[in-house]
Amino acid sequence: VIPAPFDYVAPETVEDALQALAEAGDDAKVLAGGQSLLPVLRMRLNAPALVIDLGRIDALRGIRDEGEEVAVGAMTTYQALLDDPTVREHLLLLAKATETVADPQIRHRGTLGGSLAHADPAGDLGAPALALGATFVVTGPSGQRRVAGEDFFTGLFETAVGEDELLTEIRFPKHTGWGAHYEKFVRVSHQWSIVAVAATVRAEGGTIAEARVGLTNMGDRPLRATAVEEALTGAPASEDAVREAVAAVAEGTHPPSDLNGDADYRRSILPVLTRRAVLAAAGS
Amino acid sequence: VTTTADGTGSRTEIGAARRRKEDQRLITGRTRWTDNIQLPGMLHLAMVRSPFAHARITGIDAAAARQAPNVVAVLTGAEVAGEQGTMITAWPITPEQKTPDHPPIAVDRVAFAGEVVAVVVARSAAEARDAAELVEVDYDELPAALDLKEAAEDTVLAHPDLGTNRSATWQLDSAAQGSGGSVDETIEKARSEGIVLEREYRQQRLIPAFMEPRSVVCDPTGEQITLWSSTQVPHIVRFALAATTGVPESKIRVVAPDVGGGFGGKLAIIPEEWIAFLAARRLGRPVKWTETRSESLMAGHHGRDQWQRLTLAATKEGRVTGLKVDLLTDLGAYAALVGGGVPVLGAWMFNAIYKFDAYQFNVTPVYTNKTWVDAYRGAGRPEATYAIERLMDELAHEVGADPLELRERNWIKHDEFPFTTVAGMTYDSGNYEAATARAKELFGYDELRAEQQRRRESKDPVQLGIGISTFTEMCGLAPSRILGQLNYAAGGWEHADIRMLATGKVEVITGTSPHGQGHETAWSQIVADRLGVPFEDVEVLHGDTQVSHRGMDTYGSRSLVVGAEAVVRAADQVIEKARTVAAHLLEAAEDDLEFSAGRFTVQGTDQGVGIQEVALAAFTGHNLPDGAEPSIDGSATFDPDNFSFPHGTHLCAMEIDTETGASRMRKYVAVDDVGTIINPLIVAGQVHGGLVQGIAQALWEEAVHDESGTLVTASFVDYTLPTAADTISFDIDHTTSPATYTSLGTKGVGEAGTIASTPAVVNAVVDALRPMGVHDVPMPCTPERVFKAIRTAQAPVDPNAEAQPHFGAGTPNADPGAGTDEGGAQ
C-alpha cells in the first residue's frame with residue numbers, strides 16, 4: 001500500500017491545472033476524489049511522475065440551476081449531489097443512482113466528474129448521465145468545448161477528454177416531474193455494479209409518455225438503450241407491457257465475464273432488471 | 001449471591017452480560033498492535049514475492065536494490081540457506097507422510113505465486129518497498145499443479161522431488177477399530193433393499209481475512225531476542241523458532257500484543273516471522289514487517305478446499321445405516337502447521353449427532369502449487385457438518401419426510417448420553433430434542449412451511465426455502481493422550497497462574513492467547529466468583545512468553561474449556577494456601593473455616609478474614625504459621641480427559657429471486673447448546689460473527705486462481721467479504737447441557753456459528769429450488785450459479801423426454817418448475 005514516488009501539485013485554478021497538465025504530458029494523473037486513483041497508485045498498478053490534485057479549485061465545485069439545465073461542477077462530491085434539493089427535484093435519477101454508490105465515506109470523497117472521467121463501465125454515474133442527456137464540458141488550453149453524452153465515453157476507461165484537457169462541468173437538462181429508479185444488481189452491498197439499469201420515466205396517467213434508459217456494465221462503456229426507450233413510449237405502465245417492451249434490451253450488448261457472472265448471465269438478467277427499473281420509475 | 005455446588009465461592013459474575021473490559025481501550029484507539037511498535041534504530045522489511053506458481057530461480061540481481069536510498073541489506077534464499085531455519089508442520093498425519101522442505105525464503109525453486117524469494121531491509125517501509133521493485137529475479141517457469149483432482153492424479157508434480165502430490169492417506173474405519181460395522185456391507189445391503197445416496201460436494205477455498213493484517217517486529221538487542229507477532233500462537237512460535245534455528249528456547253521471547261482477529265489464519269508459523277528473526281539477528285537491529293492486504297490474501301494461509309465423495313446408506317424408512325467418506329483435500333504448496341490434520345479433525349464429525357451402524361472416513365491431502373492451506377474457523381468440522389447436513393436433507397427428500405423429522409429418526413436421544421459414536425468418540429452430554437423444539441418455536445417453522453407452499457402453488461417468482469442444520473462439533477482441543485495417538489507433535493493441556501498481589505489485586509496469567517474473543521472479561525468473571533473478589537480487582541495477562549511461560553494458545557474453541565479450567569484449578573490452589581494462613585490468623589483449625597464470597601469465617605462465629613487481607617499477610621510474612629511459605633499464589637496445568645461437544649439447531653429461511661438467481665435471507669434462528677455460559681453478551685458476539693462467516697462461505701466467498709496459478713481474488717474488490725449491510729438480525733437462544741468433564745461445564749462457542757450456518761443456508765437455497773428440479777448449488781451460491789442451476793434443471797436432460805410428448809411443458813405431469821420461465825424470457 002505504498003505508492004511509487006511521485007510529485008504532487010495542487011493548483012487553485014483551472015488555468016494552473018491545465019498548465020501543469022501541459023507541462024507534464026502523459027506522465028501526469030489528475031486526482032479528483034481519489035476513490036479510484038489512490039487504490040491504483042497504492043497497488044502500484046500505475047506510477048505517474050506527477051499527480052495534479054484538483055481539490056483546491058473551488059470553481060469546480062457546486063450545483064447551479066440555470067433555467068433549462070442544471071450545471072454540476074466536476075469536483076462536486078456524491079454527498080453534495082444527495083444534499084442538494086435542486087438535483088432531487090429536477091434530476092431524480094441522478095440522486096437515486098448516487099444513493100447506491102459505495103458507502104458514506106466514499107460518497108463524501110468521490111466526485112461526479114472524477115467518476116465520469118475515470119469511465120469505469122461498472123461506475124454508477126455514467127448510465128444516468130447518458131439517460132438524462134447530459135452534456136460534458138471539457139476545458140483545454142484553447143478553451144471550453146461541449147461533448148454530447150454519446151460521444152463522451154469512447155471505450156474502457158476512455159473518454160473524449162484529451163491528454164491536455166480536464167472535465168470541468170456536467171450539464172443536465174431538467175427532468176422535472178419524471179419518476180426515476182436505479183436498479184443496481186450486486187452480490188454484496190459495497191460492490192461495483194454487476195449490472196445496473198438507470199431509468200427515468202414521464203408518466204401520464206397509466207401510460208409511459210417518455211422513458212430514458214441507461215445501462216451500467218453491459219459493455220466497455222455506459223450504454224443508452226434507445227430502442228427500448230422507443231418501445232416504451234406510449235406503452236401502458238403495466239408489468240406485461242413493459243416486459244414486452246424491454247425484452248430485447250440485451251441485444252447488441254457485449255458485457256464482461258468475470259467472477260460475478262459471465263456475459264450470458266448478465267444478458268439474461270438485464271431484461272428483468274430493466275423491467276423492474278422502468279416499472280419503479282413509472283411508479284407502478 | 002448463591003453458593004456454588006462445591007461451596008468454595010459465590011456466584012454473581014458467571015452468567016452476567018458484562019460489557020467487555022478490553023473494549024473501551026480498543027475502540028478508542030489506545031491499542032498496541034504490532035505495527036504500532038516503534039523501536040530505536042528500527043529497520044523495515046519488504047518482501048520480493050514470486051509471480052509464478054511454480055518456477056526455478058535461476059538468478060537474482062539485487063545490485064540496483066542494494067544501491068537504492070537507505071537500503072541496508074537485501075537477503076536472498078541462497079545467501080541465508082544455512083541459517084534461516086525451516087518451516088515445520090506439527091501434524092504429519094501418518095509417519096510416512098511426504099513433506100517437502102519449506103525454507104522461509106525460497107532457495108532455488110518457488111512452489112506458489114506469492115512465495116518470498118528475497119527480502120529488502122531499509123530505513124523506512126517506503127524505501128524498502130521501492131527497492132523491492134528493483135530486485136531482478138530470473139525464473140524458469142515449471143508446469144504447475146493447480147487443480148486438486150488433477151493434482152491427485154500426479155499428472156504434474158507440485159514438488160518434483162517428492163515423486164507424488166499425495167502426501168498421505170489416512171483412514172478411520174468403524175469395523176477396524178471396533179466402533180461399528182463394515183460400511184461396505186451396509187452399502188451393499190442398502191443397494192438391494194434400502195436407499196443409497198452418492199453425492200460429491202465441493203468445499204471451496206476460503207481466505208481467513210482477519211481485520212488486522214499480519215505484522216512482525218523483532219528486536220535482537222537484549223539477552224533474549226524478542227519477537228512481537230500478530231499471532232494466535234506465541235508459545236508455538238517460540239518453540240518452533242528454537243527447534244529450527246538453533247537458538248535456545250530460553251533466548252527467545254515471543255509476544256502477541258493486541259491482535260486484531262485470527263479465525264485460524266493466525267494459527268500459524270509464518271515465513272515472515274522467520275525472516276524477521278533472521279534479518280534482525282544478522283543486522284543486530286530491530287526490524288518490522290507489516291503486510292499489505294493483497295499480501296495477506298495471497299500469502300497468508302487459506303482454508304477449506306476439499307472435494308468430498310460421499311456414500312450414504314439408509315433403510316427405506318430413512319434410518320441411516322452407513323456412511324463412507326472419501327476426501328481429497330488441497331494442502332497448497334506446503335504442509336502448514338496443522339496442515340493435513342485439519343481435514344482429519346473432520347473424521348469424528350461426519351457422523352455428527354446421528355447413530356449409524358457403520359462408518360468409514362478416508363482422506364488424502366494433496367500438494368498443489370497454490371497458497372498453503374491450514375486452519376480456518378472450525379477447521380475440518382465445518383466441512384464435515386456441511387456434508388452430513390446436506391445429505392440428511394437429500395435423504396429426507398428421497399424418503400419424502402420432513403427434514404427435521406428425518407433427523408430425529410436418526411439422532412442420539414437425550415437419555416442416551418453419554419453416547420459412544422460410530423466414529424468412536426464419546427459425547428458426554430447434549431439434548432438435540434430441546435434445542436430443536438426451541439428453534440422451531442422461535443422460527444415459526446410451520447408458518448414458514450405454509451408460506452413456502454403458497455409461493456410454490458402460485459408460482460411466485462420469489463420462492464422460499466427452509467434450511468436446517470442440527471450440528472455438533474468437538475471443541476476443547478485437546479486431550480494430550482489422544483493427540484499423541486494421532487501423531488500430533490504437542491500436547492493439548494493448558495496452564496494458568498494466579499498471583500495474589502500485596503494490595504489485594506489479582507493477576508491471572510493464562511497460556512491461552514486471546515485475539516478479540518474477550519478472555520480478559522470472561523476470565524475476570526470466573527476468578528471474581530471463585531475467589532470472591534471484585535471483578536475490577538482482576539487483571540488478565542497473556543500473550544507474552546516471558547509472562548505466560550507455559551501455554552498452548554488459542555484455537556479450536558479451547559480457551560474457555562481447557563484454559564479457564566486451569567484458571568479455576570489455580571484459583572482453588574490459592575484458596576487452599578490462603579486457608580492455612582487464614583486459620584493461623586484466626587487462631588482456628590483449618591477444618592473449621594468456611595470460605596464464601598471471598599472471606600474465611602470460623603464456623604459458628606462472626607470471626608473472619610478476607611482473602612485479599614490474607615494476600616497482604618502472605619506478602620509481609622510477619623505472621624505466618626511455622627513452615628508456611630510467604631505466598632498464596634496458585635498455579636495449575638489442566639489436561640482434559642475428553643473433548644467437549646457443543647451442539648445446536650439452526651434454521652434458515654432464504655428467499656430466492658428465480659428471475660435473477662439473487663438470494664435474500666429472510667430469517668435465521670440459532671439455538672446453541674454451548675454448556676454453561678459465562679458471559680451471554682460475549683457468547684452472542686461469537687455466535688453472530690460465526691454465523692456471518694459461515695453464511696459467507698455459503699453465499700459470497702471463494703478464493704479463485706487463474707489457469708496460471710495467480711490468485712484472482714487478491715483484493716477485497718474480488719474477494720467479496722460481506723459487511724453488516726449484507727446480513728440480517730439473527731434470532732439466537734440457548735439450551736444448556738453442561739459439559740461433564742470440567743467444573744465450569746463450558747463447551748466452547750468460537751466456531752459453532754460458522755460450523756452450523758453454511759449447510760443451513762445452502763439447504764435453504766436448495767429447498768427453495770427443489771420443485772424446479774434443483775438438487776444442489778455449488779458454493780458460494782452466487783446469483784449466477786443459482787440462475788444457471790434453475791435453467792439447467794429446467795432444460796430437458798433426459799433424452800427419453802422427447803419420446804414422451806404427453807409430458808410436455810405445461811401439462812400436469814411436468815416438472816412444477818417448468819412453468820416458471822420468466823428468468824429465461826428475453
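Residue numbering restarts at 1 for every chain, and letters A, B, ... go by the order of the sequence lines.
Contacts of B:S715 with chain A are made by side-chain atoms alone, with heavy-atom separations under 4.5 Å and no backbone atom involved. Using a 4.5 Å cut-off between heavy atoms, A:L270 makes no contact with chain B at all. Looking at B:A125, the atoms closer than 4.5 Å to chain A (heavy atoms on both sides) sit in the backbone and in the side chain alike. Looking at B:E133, only its side chain comes within 4.5 Å of chain A, counting heavy atoms on both sides. At a 4.5 Å heavy-atom cutoff, the contact between B:S294 and chain A is made by side-chain atoms alone. Heavy atoms closer than 4.5 Å to chain B are found nowhere in A:R42, neither backbone nor side chain. When heavy atoms are compared at a cutoff of 4.5 Å, A:P39 does not approach chain B at all. Interface residue A:D262: backbone and side-chain heavy atoms are both found under 4.5 Å from chain B.
The two atoms that bring A:R187 and B:L699 nearest to each other are NH2-O, 3.3 Å, heavy atoms only. When all heavy atoms of B:R791 and A:D264 are compared, the closest pair comes out as NH1-OD2, 4.0 Å.
For CZ of B:R123, the number of neighbouring non-hydrogen atoms (other residues, nucleotides, ligands) closer than 6.0 Å is 12 at most. The local environment of CH2 in B:W33 is crowded, with over 12 non-hydrogen atoms from other residues, nucleotides or ligands closer than 6.0 Å. Remark: B:R666 CZ is packed, more than 12 non-hydrogen atoms of other residues, nucleotides or ligands lying under 6.0 Å away. The environment of CD in A:E251 is sparse: at most 12 heavy-atom neighbours from other residues, nucleotides or ligands sit within 6.0 Å. By the neighbour-count criterion of 12 heavy atoms within 6.0 Å, atom CD of A:E244 is sparsely surrounded, having that number or fewer from other residues, nucleotides or ligands.
Using a distance-only test at 3.5 Å, with no hydrogens or angles considered, no donor-acceptor pair links the side chain of A:Y265 to the main chain of B:F787. Looking at B:D726, its side chain never comes within 3.5 Å of a backbone N or O of A:V188 through a donor-acceptor pair.
Contact of the A:L259 side chain with the B:E784 side chain is not registered, since no non-hydrogen atoms from C-beta on lie closer than 4.5 Å.
Between chain A and the residues B:A126, B:P783, B:A725, the largest count of heavy-atom pairs under 4.5 Å involves B:P783. Of the listed residues (B:T292, B:T782, B:D130), the greatest number of heavy-atom pairs within a distance under 4.5 Å of chain A belongs to B:D130.
The structure places CG of B:L721 at 6.5 Å from NE2 of A:H190, a figure rounded to the nearest 0.5 Å.
Note on B:E659 versus A:R275: salt bridge recorded, some NZ/NE/NH1/NH2 to OD/OE distance being below 4.0 Å.
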